[in-house]
Amino acid sequence: MDIWGYRRPDGRAGIRNHVLILSTIVCANEVADRIFRSVEGVVPVVHPHGCGQLGVDFEQTKRTLVGVALNPNVASVLVVGLGCEKMEAKMVAGEIAAGGKPVETLVIQEAGGTSKAVRQGIDLAEKLVRQARAVPLAPISMEELVLGLECGGSDTTSGLAGNPAVGVASDMLLADGGTVILSETAEIIGAEHLLARRAVSGEVAQELLAIVRSAEGDAVRMGVDLRGTQPSPGNIAGGLTTIEEKSLGCLRKAGTGQVQGILKYAQAPPGKGLYVMDTPGQDVESVTGMVAGGCQLVLFTTGRGTPVGCPIAPVIKITGNPRTFETMEENMDINAGTIIRGEETIDQVGKRIYDLMRAVAGGQLTKAEVLKHYEFAITRIGPSI
Amino acid sequence: MESEQRGMVVVIDFLDNVATAVEDLKAGEEIRVCIAGRDTLLRIAQDVPFGHKVAIAPIPKGREVIKYGEPIGTSVTDIRLGEHVHVHNMVSNRGRGDLPMGVQEEQL
C-alpha cells in the first residue's frame with residue numbers, strides 16, 4: 001500500500017518537505033540561525049566546522065553537508081557562507097544544484113554584513129518556502145524508505161526490550177524491500193562475530209571486522225580503558241557493565257537481516273537491504289551521518305531517556321524502560337517497557353513501531369519534531385589547523 | 001533462545017550465568033527464576049537495583065560472565081549465587097588500552 005510523500009527531481013522519495021537553511025562555516029551560524037528564526041517552514045543546519053580543515057577530514061565534512069542537503073526530505077536549500085572559508089558556499093551550492101535540488105546562495109561578505117545578509121536571507125528563504133508549498137504530494141512506497149537505527153542513553157532495558165522490538169520493525173521494513181542502516185561501530189565491539197556471520201560475503205564480513213578493530217584500536221592507542229566512555233557513566237548507572245554487554249544489546253536493533261555492505265560515514269547505500277555505517281557512538285554525529293547518507297526516518301531507542309532529534313529526518317523515540325516512559329513521556333513516542341512488565345510481547349511492540357513508522361512517513365509528527373529538536377553534529381577525522 | 005517471562009528478573013539465554021533485574025531486588029528475598037529450563041528458587045544475596053545483573057550461578061574469579069549466551073567480560077572476584085554483578089566484580093576484555101602492550105596486541 002502506498003503512502004503520501006514527495007517525489008524529488010532525482011527520483012527519490014521524501015517524507016518531509018523541508019526548506020533547509022544550511023550554514024557552511026561556523027562564522028555564518030549566527031546569520032543562518034537568525035534567518036531560521038524569522039521564517040516559518042524552514043529547518044536549520046549549523047555546526048562548528050568549515051574552515052581549517054584538510055584532506056579526508058575536509059572531504060568528510062563536505063560530503064556530510066552536501067548529503068543532508070540532497071536528502072529527499074529536503075525540498076530546497078539556502079546555503080549561507082561567510083566568503084573567505086575553505087568550505088566555500090558557492091562550491092557547496094554547486095554540488096547541491098548538480099544533484100538536481102533547487103538552491104540559493106547567500107555570502108555575508110558580499111551582502112554587506114550581518115543585518116543586510118539576514119534581510120536578504122529572509123527574502124530568499126521565503127521565496128523557497130513559497131516554491132516548496134507548491135510541490136504536490138505523490139504516492140511513495142515503504143520500499144523507498146531508508147531507515148536509520150540509533151540507540152542512545154542505553155541501559156539494560158535497551159537490549160531486553162527497546163532494541164529487539166526495533167529489530168522486529170526493521171525486519172518488517174526489509175521484508176517490504178526497504179533499506180536499513182545500523183550505525184555506531186564502537187557499539188559492535190564484542191558482538192562483531194555474530195554480525196559478521198550475517199554478512200552477504202566474506203569480503204563484507206572482513207570489512208566489518210576491520211572497522212570494529214579500528215574503533216577499538218582508537219581507544220587502545222590512547223592507553224586507556226574504553227570503559228572511560230563505553231559504556232558511559234549513565235549506561236553503567238543503568239546496569240550496563242561492559243562494552244560487550246552493550247554491543248550484544250545494540251545489535252538487536254538490526255533484527256535478523258543479511259548485511260549487504262559497509263558504508264563510510266555519510267555515504268549513501270548503493271542498494272536495498274541492511275547496511276552498516278561506520279559512525280562513532282556519539283548519537284548526534286551518528287544520526288547526522290546516516291541522514292547525510294539519505295536516510296529519511298530514524299528509529300532511536302533509549303533506556304535512560306534522551307530528547308535529541310534531527311533537522312532533516314523524523315526521529316521516533318522508543319524506550320524499553322517503563323520508568324523512563326513515565327518520567328520523560330514528552331520525549332518518548334513508544335513505550336516498549338511493556339515488554340519487561342510482561343504486558344506485551346517483543347513482536348507486538350515491533351508491530352506498533354512499524355505502524356508508527358508508516359504513520360510518520362505519511363506526515364504524522366514525532367515528539368522530537370513537535371519539540372523542534374534540531375540537533376546536528378559532524379564527526380571529525382582530523383584536527384582543525 | 002529467548003525466554004520471555006514475567007517476574008523479577010529476565011534470563012535471556014540458557015547459557016547465561018547472570019539475569020537482569022526488572023524490579024529492585026532486596027537482599028534476603030527469594031525469587032522464582034527459570035535457570036537452564038528449570039524453575040528454581042534464587043535467594044538474593046545483595047540489593048540489586050532495577051536493570052542490574054544478578055548471578056544465577058556461582059562464577060569463580062577469572063571466569064567468563066555470560067549474557068545473551070555470549071561472554072560480556074570476566075569476573076575479578078569469586079561471585080556467589082545471588083550476588084550483584086557489575087563493575088565492582090567484573091571487567092571488560094575489549095578496548096583495554098590500560099593493559100600492558102602485549103595484551104593489547106593480542107586484542108587487536
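Hydrogens, waters and symmetry mates play no part in the numbers below; they use all other heavy atoms, side chains included. Please read these numbers as outputs of a predicted model, since none were measured by experiment. Lettering of chains follows the sequences in order, A, B, ..., and the numbering in each one begins at 1.
- No side-chain donor-acceptor contact under 3.5 Å links Ser154(A) and Asn235(A).
- Comparing Leu248(A), Leu226(A), Asn321(A) by how many heavy-atom pairs each has under 4.5 Å with chain B, the most go to Leu248(A).
- If you measure heavy-atom distances from Pro49(B) to chain A, you find no contacts under 4.5 Å at all.
- Just one of Glu216(A), Glu245(A), Glu244(A) meets the salt bridge (charged side-chain N to carboxylate O under 4.0 Å, His left out) condition when paired with Arg94(B); it is Glu216(A).
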_Let's go through Ser183(A) and Glu150(A) carefully: what are the C-alpha distance in whole Å and the side-chain angles of both, what is the deciding distance for side chain to side chain donor-acceptor pair (under 3.5 Å) to 0.1 Å, and is it a yes or a no?_
CA-CA 7 Å; Ser183(A) 62; Glu150(A) 183 64 33; 3.2 Å; yes
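- Each of Ile243(A), Asp155(A), Leu240(A), Thr242(A) has some count of heavy-atom pairs under 4.5 Å with chain B, and the biggest count is that of Thr242(A).
- Proximity to chain A (any heavy atom under 4.5 Å) is shown, for Val65(B), by neither the backbone nor the side chain.
- In this pair, His88(B) and His86(B) present their aromatic rings perpendicular. The plane angle is above 60°, beyond the 30 to 60° band.
- In the model, Asn163(A) has no side-chain atom that pairs as donor or acceptor with a side-chain atom of Ser158(A) under 3.5 Å.
- For Ala186(A), no part sits under 4.5 Å from any heavy atom of chain B, backbone or side chain.
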